[in-house]
Amino acid sequence: MSGDYSHNDSQIDSGSRYNDSHKHKEKYKEKEHKHKEHKKDKDRDKSKYSNSEHKDYSEKKHKDKEKERLKHKDGSSDKPKDKYKDKEKRKEEKLYDGRLKKEKENGFASPLHVKSEPESDDFYLSPKSLKRERDDDDSEYKPKKMKVENEDKSEKKAKKRKQEDEVREKKTKDKKGEVADGKKKAKKEPEEKWKWWEEERYTDGVKWKFLEHKGPVFAPPYEPLPEHVRFYYDGKPMRLSPEAEEVATFFAKMLDHEYTTKDVFRKNFFKDWRKEMTSEEKGKITDLNKCNFTEMHEYFKAQSEARKQMSKEEKQKIKEENERILQEYGFCIMDNHRERIANFRIEPPGLFRGRGDHPKMGMLKRRIRPEDIIINCSKDSKQPKPPPGTKWKEVRHDNKVTWLVSWTENIQGSIKYIMLNPSSRIKGEKDWQKYETARRLKSCVDRLRAQYREDWKSKEMKIRQRAVALYFIDKLALRAGNEKEEGETADTVGCCSLRVEHITLHPEKDGQEFVVEFDFLGKDSIRYYNKVPVEKRVFKNLQLFMENKQPEDDLFDRLNTTILNKHLQELMDGLTAKVFRTYNASITLQQQLKELTTADENIPAKILSYNRANRAVAILCNHQRAPPKTFEKSMQNLQTKIDAKKEQLADAKRQLKSAKADHRVCKDEKSKKAMEAKKKAVQRIEEQLMKLEVQATDREENKQIALGTSKLNYLDPRISVAWCKKWGVPIEKIYNKTQREKFAWAIDMADEDFEF
DNA sequence: AGTCGGACTTAGGACCTTGGTA
DNA sequence: TACCAAGGTCCTAAGTCCGACT
């Protein structure tokens with residue numbers, strides 16, 4: 001049974017897992033439609049299935065509440081709280097010797113040669129000891145390297161912060177001359193990189209004490225089209241009012257995008273466009289199909305072509321201007337340090353491009369004006385000025401949040417923010433903390449797994465569902481799956497929101513028992529397709545959960561992410577569903593690196609190994625990309641190159657042979673030299689060939705897998721840093737400049753024997 | 001307990017730049 | 001010198017999770 005945690009082959013190698021994801025989105029349209037119709041009755045229906053057949057599920061209690069529940073939207077008012085009372089105790093009782101139950105952290109059997117590897121250093125922590133001993137995780141994540149004095153550095157660091165604050169205050173006083181002048185500062189600061197990770201962190205929810213910035217950069221105003229570029233309605237040219245024209249250009253610019261052929265997109269666009277028209281225009285333009293934007297489209301194409309054809313000087317000029325804007329608006333001062341802002345430009349107006357089957361695609365995304373903007377900065381800072389003749393919506397001084405600027409977007413009514421770059425202290429600290437939480441999960445994951453396995457047998461439906469869901473989250477790295485408002489977004493799901501129609505049970509499939517076939521659209525409407533053998537008990541539970549349900553019903557009707565996370569929180573401080581993804585991703589990378597790296601291979605081969613390990617994680621997390629449009633062609637080109645190289649090699653070998661023969665005959669210095677030269681040539685070509693082949697393999701295996709997401713968000717950078725140090729691979733081969741900036745903390749602190 | 005808004009992380013695609021090669 | 005693939009950056013949508021409120 002221990003093998004159950006391993007990701008079986010079918011999960012990974014079946015091309016089906018991802019090969020047709022993009023194509024298959026279509027298929028969901030139909031399903032979704034059905035789902036929507038059904039959903040209205042669904043909440044009411046929920047109660048129906050909850051316990052129906054299973055007498056052992058606290059039935060009495062359930063019955064009493066049945067009516068009550070019908071009043072509520074959601075049928076979960078029958079939660080037997082008392083069951084939780086002796087939970088801690090139960091936990092302890094159910095625990096068994098970890099050594100017997102040793103399981104792969106995240107077994108990942110795959111074409112990538114995964115062996116299961118027992119964890120050597122896991123141990124059982126009593127629930128009490130699991131509670132964080134310190135608020136700030138410090139004891140755990142101090143790298144071995146760090147000096148002892150840092151271990152109890154609170155005072156010291158506190159001091160340091162204080163000192164800094166003082167310095168800052170001084171600066172604020174005379175900042176007119178200094179801080180205000182970004183350039184002066186720019187020259188000084190970047191010289192020594194600030195090691196924020198060696199400093200004390202705020203613990204009280206305060207995110208900063210001083211914050212100063214210049215506000216956002218607004219989208220350039222609309223420039224009306226030149227006279228000769230015309231819009232045609234029903235075959236006749238028609239001049240549009242600037243407002244209507246601007247919106248028309250948004251559509252025109254997208255003309256060769258698939259979006260503009262979609263009904264929903266067109267409908268939404270047209271509706272919103274009409275709102276921008278004068279009443280006269282409105283009267284005339286009544287059918288989008290009679291609109292001809294091609295002249296506009298051509299114009300924009302020509303413009304972007306012209307931009308490409310600009311002279312070096314012109315390009316340089318633009319670059320310099322951008323740099324100037326970056327220097328002025330792209331940085332802020334936060335607690336004494338000049339930090340890079342991530343997205344200091346306000347999103348320009350345009351047509352909303354939702355992913356997947358988004359009901360709001362094509363809607364007009366309004367232009368954001370200063371009056372929409374909330375500024376956040378410290379009281380004692382120099383506040384950003386709104387553009388002349390305008391006002392901010394509000395200026396506030398909330399140091400419990402990290403954003404500098406916010407506004408409310410008009411499509412979903414959600415708030416958008418301007419925040420700092422990943423290289424900033426505020427983001428870095430959080431990132432570091434995330435991996436520390438995942439490492440804490442590592443030390444108690446065995447206990448958790450034991451528990452949820454136990455819970456599969458629970459008398460309570462809710463607990464069983466929770467346990468099965470958690471099993472999926474752990475084993476398959478599924479996302480939590482919050483409920484979403486219907487009709488507002490594309491129909492996608494995660495674990496807790498899976499519906500019956502998303503899984504198929506096969507008592508036996510392809511020679512394996514108890515196979516669950518998953519097929520659903522996840523985040524960004526990326527298809528998740530996977531066939532996984534599960535334990536019998538899980539299988540039986542799933543059958544139970546699906547009994548008497550319609551395809552459109554929730555699989556886990558007694559569960560949502562709040563319930564699940566609440567439970568997780570009780571098992572480990574700071575634990576939520578997404579921590580499992582981080583943990584499983586990182587532990588997989590570490591294992592794979594151990595397995596795939598061999599001492600005698602050269603650097604390119606090592607990098608290939610790294611990419612393979614990275615890829616294993618990307619597959620686990622289902623990080624896909626559309627295959628590059630030019631993929632087939634570029635692959636062919638590469639193959640041609642390889643063939644040519646092979647020929648060249650054969651040729652070089654022939655030459656070497658004859659040179660050898662010459663040397664045997666002549667035995668003089670000259671022929672020896674010639675022979676050596678040929679030998680070198682052969683070697684060189686062999687190396688080149690290998691490089692090409694490695695490249696081909698890498699590319700082929702990467703066809704539709706995106707490595708970036710996991711690298712950036714899931715893999716503890718210290719694992720990679722340690723690996724680089726251990727094998728002498730330059731860090732630049734693994735992380736580019738931006739990534740090195742983001743992971744500066746890890747690069748600085750991890751040594752070669754860092755263990756996740 | 002459920003809902004909702006807010007804050008923040010995670011995500012893939014578009015677009016732009018770079019560097020190697022024909 | 002032009003071209004092209006790869007790599008890097010930018011963009012912003014789409015998730016997760018939390019806490020306030022009801």
Side-chain angles (χ1 to χ4, degrees), chain A residues 21-22 43 69 72-79 81 205 207 254 257 304 307-308 315 318-319 322 342-348 350 352-356 358 360-361 365 376 398 400-403 406 408-409 411-417 419-422 426-427 430-431 434 479-485 488-490 492-497 522-526 560-566 568-569 574-579 581-582 621-626 628-631 633-635 637-638 640-641 644 695 698-699 702 704 706-710 712-714 735-739:
Chain A
S21 154
H22 295 270
D43 293 332
R69 202 153 9 97
H72 297 280
K73 251 188 159 178
D74 189 288
S76 36
S77 47
D78 57 341
K79 280 171 205 120
K81 282 183 194 142
K207 303 289 167 62
M254 293 178 73
H257 201 291
S304 82
R307 232 173 297 129
K308 273 183 214 153
K315 279 183 181 168
I318 291 174
K319 214 175 160 188
N322 279 336
N343 54 327
F344 56 91
R345 285 172 208 275
I346 298 279
E347 296 173 17
F352 177 74
R353 300 151 95 111
R355 319 244 168 93
H358 202 295
K360 298 193 171 184
M361 64 168 80
K365 218 172 85 163
N376 194 31
D398 181 356
K400 297 270 205 286
V401 298
T402 67
W403 54 267
S406 77
T408 302
E409 150 269 355
I411 304 288
Q412 321 269 4
S414 64
I415 309 172
K416 300 257 185 166
Y417 303 94
M419 292 183 185
L420 295 195
N421 196 64
I426 217 161
K427 294 290 182 189
K430 204 73 187 297
D431 207 35
K434 172 182 78 187
R479 295 188 184 82
N482 284 312
E483 323 62 320
K484 308 168 67 185
E485 211 178 322
E488 297 291 301
T489 56
T492 61
V493 297
C495 186
C496 293
S497 48
K523 182 177 180 179
D524 293 317
S525 294
I526 294 292
N560 61 40
T561 54
T562 313
I563 297 172
L564 180 67
N565 280 335
K566 223 169 238 165
L568 292 175
Q569 190 59 239
L575 186 61
T576 60
K578 86 187 184 86
V579 178
R581 253 168 100 80
T582 311
C621 294
N622 201 38
H623 292 142
Q624 298 189 29
R625 60 167 187 175
K629 287 185 192 87
T630 53
F631 185 83
K633 208 181 112 208
S634 80
M635 213 57 204
N637 289 349
L638 192 56
T640 317
K641 270 192 208 168
Q695 201 186 346
D698 215 25
R699 201 190 291 176
N702 245 6
Q704 42 196 176
L707 298 186
T709 306
S710 50
L712 234 45
N713 300 302
Y714 288 103
Y735 291 136
N736 67 31
K737 185 162 155 279
T738 317
Q739 293 163 340

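These values consider heavy atoms only, across backbone and side chains, with no hydrogens, waters or symmetry-generated copies. The chains referred to below are lettered A, B, ... by the order of the sequence lines, with proteins before strands, and numbering in each begins at 1. Here the structure is a predicted model, which means the values were calculated and not measured.
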**Q** What is the nucleic acid contact for Lys308(A), judged by heavy atoms within less than 4.0 Å: base, sugar-phosphate only, or nothing?
**A** nothing
**Q** State whether a side-chain donor-acceptor pair under 3.5 Å links Asn482(A) with Thr561(A).
**A** yes
**Q** Counting only side-chain N and O atoms of Lys315(A), is one of them less than 4.0 Å from OP1 or OP2 of dC16(B)?
**A** no
**Q** Reckon Lys207(A) has a side-chain N or O less than 4.0 Å from the OP1 or OP2 of dC8(B)?
**A** yes
**Q** So, Lys484(A) versus Thr492(A): side-chain donor-acceptor pair below 3.5 Å or not?
**A** yes
**Q** Counting any heavy atom closer than 4.0 Å, what does Tyr714(A) reach on the DNA or RNA strands: base, sugar-phosphate only, or nothing?
**A** sugar-phosphate
**Q** Within the structure shown, what part of the strands sits under 4.0 Å from Lys523(A) by heavy-atom distance: base, sugar-phosphate, or nothing?
**A** base
**Q** Examine dC17(C): is either OP1 or OP2 under 4.0 Å from a nitrogen or oxygen in the side chain of Thr576(A)? Give yes or no.
**A** yes
**Q** Among dC18(C), dT18(B), dT10(B), find the nucleotide with the atom closest to the side chain of Lys319(A).
**A** dT18(B)
**Q** Map Ala342(A) and Arg355(A) onto DNA chain C by nearest heavy atom, then report which one ends up closer to the 5' terminus.
**A** Ala342(A)
**Q** Kindly point out which of dA11(B), dG6(B), dC17(C) is positioned nearest to the side chain of His623(A)?
**A** dA11(B)
**Q** Find which nucleotide of DNA chain C each of Phe352(A) and Lys737(A) is nearest to by heavy atoms, and output the residue with the more 5' nucleotide.
**A** Lys737(A)
**Q** If you check the Ala626(A) side chain, which of dG15(C), dG13(B), dA11(B) turns out closest?
**A** dG13(B)
**Q** Between dT9(C), dG15(C), dC17(C), which one does the side chain of Thr492(A) approach most closely?
**A** dG15(C)
**Q** Contact class for Pro348(A) (heavy atom, under 4.0 Å): base, sugar-phosphate, or nothing?
**A** sugar-phosphate
**Q** Please determine, for the side chain of Met419(A), which listed nucleotide (dC8(B), dT10(B), dA11(B)) has the closest atom?
**A** dC8(B)
**Q** So, is Asn482(A) near the phosphate of dG15(C), with a side-chain N or O under 4.0 Å from OP1 or OP2?
**A** no
**Q** Just checking Gly481(A): base, sugar-phosphate only, or nothing, at a heavy-atom cut-off of under 4.0 Å?
**A** sugar-phosphate
**Q** Is Glu409(A) paired with Lys365(A) through a side-chain N to carboxylate O contact shorter than 4.0 Å?
**A** no
**Q** Among dA13(C), dT16(C), dA7(B), which nucleotide has an atom closest to any side-chain atom of Lys416(A)?
**A** dA13(C)
**Q** Are any of Thr562(A)'s side-chain N or O atoms less than 4.0 Å away from OP1 or OP2 of dA1(B)?
**A** no
**Q** Compare the minimum distances between each of dG12(B), dT12(C), dC8(B) and the side chain of Thr709(A), then state the nucleotide with the smallest one.
**A** dG12(B)
**Q** Parallel, tilted or perpendicular for His358(A) and Phe352(A), by the 30°/60° rule?
**A** perpendicular
**Q** What contact category does Gly522(A) fall into here, base, sugar-phosphate, or nothing, at under 4.0 angstrom with non-hydrogen atoms?
**A** sugar-phosphate
**Q** Does Thr561(A) reach a base, just sugar-phosphate, or nothing at all? Heavy atoms under 4.0 Å.
**A** nothing
